[in-house]
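Comments concern the structure below.
In what follows, every chain begins at residue 1, and chains take the letters A, B, ... in the order their sequences are listed.
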Protein chains: 2
Amino acid sequence: MSLPHNSNFIKCSTCSLKGFCLPMMLSHSDIDRLDNIIQRNKLLEKGTKVYSIGDKFTHIYAIRSGYLKSYSISDSGEEQITGFHLPGEIVGLEGINTGSHVGFSETLVPSHLCAIPYDKLDNLNSKIDGLRQQLFKIMSQEITHNHELMLMLNQKNADEKIATFLLSLSVRESLGKGLTTQFVLPMTRTDIANYLGLALETVSRIIGKLIKQDVISVDHRQVTINKVNILSELAGTSCHFVDPNQHN
Amino acid sequence: MSLPHNSNFIKCSTCSLKGFCLPMMLSHSDIDRLDNIIQRNKLLEKGTKVYSIGDKFTHIYAIRSGYLKSYSISDSGEEQITGFHLPGEIVGLEGINTGSHVGFSETLVPSHLCAIPYDKLDNLNSKIDGLRQQLFKIMSQEITHNHELMLMLNQKNADEKIATFLLSLSVRESLGKGLTTQFVLPMTRTDIANYLGLALETVSRIIGKLIKQDVISVDHRQVTINKVNILSELAGTSCHFVDPNQHN
DNA sequence: TCAAATGTTTGATCTAGGTTAAACTTTGAT
DNA sequence: ATCAAAGTTTAACCTAGATCAAACATTTGA
């Protein structure tokens, strides 16, 4: 009566995210080898901790659906959000170094994760060149992303930070296909403020200003970008997703 | 008449940094396999660019001696220093993702580097488990370090940032052996300010204040920490390198 | 369905640290 | 050895955004 533990869940080979996730560079047969080590569990409800600080590092997690936030805690107990994570992205890599997690990750909305046991992954890494290379690319990308973040935190003012943040999410939501003008903002103002190094009142004020100027509209957690060009100007990014002939 | 290109340079097996660098987990014979792909060039003079933005990514670099700074440039042309690097540390990993460097790295003082061709390294990564695992650890560590940085940039005030910065360098200089109370600060005030997201005048003022309070002394580029405990209190870090019984 | 908890907005005030300016010091090239 | 360039210090002033405060909105769960 024992079925494979992931028998009634989607497989990498049929997953719509396979072109953006760990299997990106793999052949059909290698995707199956990766698939065989992945554990897919039931839907995690909102607010579930994927891992906590001090937990033994055993898996990395690919997001199949949902939204995560990762954060660490300072010596003085302050929370610092280190990232928000969308489908196709990987979390947990910070645990590799010491063998224990040095931060938390939790779901912001109900989410499906693919848990990948790191020991088995390491074994495949020695055998499947494309898998190893893709994992190195993902980690390299995270380093690059952190450098961009540093630039934002150190050099941008509050308006630029908010604009950059909104654009970044809208680009990431669209999975390489330009930019979505409608997306969900599942995190609180407090979370956004913490991530961007601002006070929550400042975040609220600036989002309010953008709404008043009709650059964006917000309906509950749903954001619509009405004037992409103005938002990218504010962000201080020559956003190559924007058609230069479109003037609104 | 052709000698191996690195014949008259030190090898990993006799390098004092081998316990902190890429060879950390390797057996004697595997160290030699790594050694055989490493290129060691002549001393790079101060101000030499190791790589520039847009350069094809071909090597990663281990620092044998000296001091590097890495930085990227925003769309609007602003420089953002993303890190300072000491002997035993690796630079260039940000290039893996796209195959091109997305930032600069340059020497702050005359430096010896070990250049590791990435294609050959990847080949060894498939064969030498300890090498691959160590490289993943190094990248994971860089991610963790960036999270700590984010916490510092977002939540610490100017005094705390400077104190944290000085302590961090003093710890890294000592290569896992606690903390050095005397070390060189080869970067300019402008560099420190840029890295910490402060104005250079603020950096100057705060360092001046620390000197006046005799927490540190500065002689040209040489820093001496006189009161480690006060500095760690300022940093807001329960610094476990400090003997709690030592009260100065 | 209602109340408590959680999250958001808005306004008034305050301050850390940015900006401007200018003198001073060190470094490095000739 | 000299001097221009680069780096540093110090002081006066100013502002972006933090903090404080209080009303308002939404979510949750009993």
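B:Leu198 comes within 4.0 angstrom of the backbone, heavy atoms only, and of no base. When heavy atoms are screened at a 4.0 angstrom cut-off, B:Ala199 is found touching base atoms of the nucleic acid. Across all strands, A:Lys46 comes closer than 4.0 Å only to sugar-phosphate atoms, never to a base (heavy-atom distances). B:Thr188 comes within 4.0 angstrom of the backbone, heavy atoms only, and of no base.
With 3.5 Å as the limit, one finds no donor-acceptor pair spanning the side chains of A:Thr98 and A:Ser100.
Mapped onto DNA chain D by nearest heavy atom, B:Ile211 and A:Gly197 fall at different nucleotides, with B:Ile211 at the one closer to the 5' end. Place B:His220 and A:Thr202 on DNA chain C by their nearest nucleotides, and A:Thr202 ends up nearer the 5' end.
Between A:Thr107 and A:Glu45, every side-chain heavy-atom pair lies at or beyond the 4.5 Å cut-off.
One atom, CD1 of A:Ile206, and another, C1' of C:dT10, lie 14 Å apart when rounded to the nearest Å. Atom CD of A:Glu201 is separated from atom P of C:dT13 by 16 Å (rounded to the nearest Å). The distance between atom CG of B:Leu196 and atom C1' of C:dG18, rounded to the nearest whole Å, is 15 Å. Protein atom CZ of A:Arg189 is 14 Å distant from nucleotide atom C1' of D:dC24, rounded to whole Å. Note: CD (B:Gln155) to P (C:dA16) measures 18 Å, nearest angstrom. When the C1' atom of C:dT6 is taken as reference, atom CE of A:Met187 falls 17 Å away, rounded to whole Å. As rounded to whole Å, 8 Å separates atom C1' of C:dA16 from atom CG of B:Asn157. The CD1 atom of B:Ile207 sits 13 Å away from the C1' atom of D:dG7 (whole-angstrom rounding).
For C:dT8, neither phosphate oxygen OP1 nor OP2 lies less than 4.0 angstrom from any side-chain nitrogen or oxygen of A:Ser204. Using a 4.0 Å cut-off, no side-chain N or O of A:Thr190 falls inside it from OP1 or OP2 of C:dG7. Within the 4.0 Å cut-off from OP1 or OP2 of D:dT10, not a single side-chain nitrogen or oxygen of B:Arg205 is found.
Contact check on B:Asp55 versus B:Lys49 returns no salt bridge, with no Lys/Arg side-chain nitrogen under 4.0 Å from an Asp/Glu carboxylate oxygen.
Checked by distance alone, B:Arg221 brings no side-chain donor or acceptor within 3.5 Å of a matching partner on the base of D:dT8.
Panel note: side chain B:Asn154, backbone A:Asn194; a donor-acceptor pair is recorded below 3.5 Å.
Looking at every heavy atom in both residues, A:Ser111 comes nearest to A:Gly66 through OG-CA, 3.3 Å.
Of the candidates D:dT10, C:dA16, C:dT8, C:dT8 carries the atom nearest the A:Leu200 side chain, counting heavy atoms from C-beta on.
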